[in-house]
Enquirer: 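I have a structure here, written as structure tokens, and I will follow up with some questions on it.
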Amino acid sequence: MTLIDGKATATQIKAEIAEEVKQIVENGGKRPHLAAILVGHDGGSETYVRNKVLACEACGFKSTLLRFEDTISEAELLAEVDKLNRDEDVDGFIVQLPLPKHISEQKVIEAIDYRKDVDGFHPINVGRMAIGLPCYISATPKGILELLRRYHIETSGRKCVILGRSNIVGKPMAQLMMQKQYGDATVTVCHSHSRDLKKECQEADIIIAAIGQPNFVTADMVKEGATVIDVGTTRVPDATKKSGFRLNGDVKFDEVAPKCSYITPVPGGVGPMTICMLMKNTLSAGKKEFYQ
Ligand code: BQF
């Protein structure tokens with residue numbers, strides 16, 4: 001069993017990005033600039049945005065954090081998005097999700113200029129991704145593909161089962177894994193209403209678990225020698241931790257790991273790669289790699 005070290009891989013890629021930024025700036029180019037909008041004081045969101053700001057520093061990017069109370073109206077938030085759309089110094093920006101219930105996430109996502117949409121959530125980027133055109137690709141699926149590539153895990157022609165059908169992970173992951181230029185795999189998507197989910201998993205060469213249910217994937221669901229990618233990051237209370245909580249994956253790691261050829265841990269697996277691929281997208285935005 002090989003443990004996939006997402007943290008170390010992300011650190012290495014951030015160093016590669018920092019080196020490229022150094023070259024760009026030395027040659028008189030512009031330092032990439034990522035802006036982030038954070039609404040409210042959700043503990044998870046605070047942590048995720050802090051991770052993103054710290055990653056910008058590691059990459060040599062400029063970053064701007066815009067904070068608003070959760071009393072901000074949808075119209076006011078849309079106006080802030082428009083300001084960032086028009087700010088020529090900002091190469092890319094994100095609006096940290098989830099948003100308070102009185103704000104439509106879809107409306108906010110569609111208000112973002114797709115050329116600055118480094119999360120890859122805008123319908124133009126989603127559509128272009130689905131037909132294999134150059135675009136910003138959602139950071140979590142992109143990070144998973146990068147891990148599979150760097151660990152030389154064969155995907156072409158393999159059976160890949162994806163658990164979960166969210167717009168952020170499950171759906172784009174399925175699209176990318178089926179495409180010839182990325183995964184080239186045979187893809188099955190399972191969700192809360194799937195029949196025979198266990199049987200589908202037992203036949204999989206690669207399982208990507210993104211359902212947000214701690215310990216959902218158990219040893220009896222996993223084929224000997226399979227690769228298991230755990231996207232789960234549920235915060236569960238833990239009195240022994242300084243922060244008062246720990247991250248729990250979707251995979252019952254201790255019993256599943258011995259059956260696997262490769263497996264990602266939580267924490268330190270997919271999570272750091274998600275942050276790192278946001279940095280990759282920001283570098284692309286700074287270079288105007290896809291648009292304009
Ligand atoms: C790690 C996220 C659910 C909903 C909205 C490193 C992150 C997490 C874990 C992180 C996530 C999850 C992010 C680890 C960003 C991933 O060491 O295991 C980093 O910061 N993430 C987000 O921005 O929004 C979310 C999960």
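Counting starts at 1 for both ligands and their atoms, following the listed order. Below, all heavy atoms of this structure are taken into account, side chains as well, without hydrogens, waters or symmetry copies. Nothing here was measured: the structure is a model prediction, and the numbers come from that model.
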Enquirer: Examine Arg235 relative to Phe245 and say whether NZ or CZ is less than 6.0 Å from the centre of the six-membered ring and inside a 45° cone about the ring axis.
Expert: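 Judged by the rule (NZ or CZ under 6.0 Å from the ring centre, within 45° of its axis), Arg235 counts as positioned above Phe245.
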Enquirer: So if I only count non-hydrogen atoms and take anything under 4.0 Å from ligand 1, which residues does that give, chain by chain?
Expert: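 Tyr48, Asn51, Lys52, Gln96, Leu97, Thr233, Leu247, Pro267, Gly268, Gly271, Pro272, Ile275.
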Enquirer: Can you list the steps and then say if His33 with Asp91 is a side chain to side chain donor-acceptor pair (under 3.5 Å)?
Expert: CA-CA 5 Å; His33 180 186; Asp91 298 296; 5.7 Å; no
Enquirer: List for me each residue that meets side-chain contact (heavy atoms from CB on, under 4.5 Å) alongside His102, sequence neighbours excluded, and say none if there are none.
Expert: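 With neighbours one apart ignored, the set is Pro100.
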Enquirer: If the condition is ring pair (Phe, Tyr, Trp, His ring centres under 6.0 Å), which residues does Phe290 pass it with, not counting sequence neighbours?
Expert: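 Residues passing ring pair (Phe, Tyr, Trp, His ring centres under 6.0 Å) with Phe290: Tyr136.
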Enquirer: Before accepting this row, confirm whether a basic side-chain N of the pair Asp87/Lys83 lies closer than 4.0 Å to the acidic partner's carboxylate O.
Expert: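 No.
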Enquirer: Which residues pass the side-chain contact (heavy atoms from CB on, under 4.5 Å) test with Arg150, sequence neighbours left out?
Expert: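 Residues passing side-chain contact (heavy atoms from CB on, under 4.5 Å) with Arg150: Thr9, Gln12, Ile13, Glu16, Glu146.
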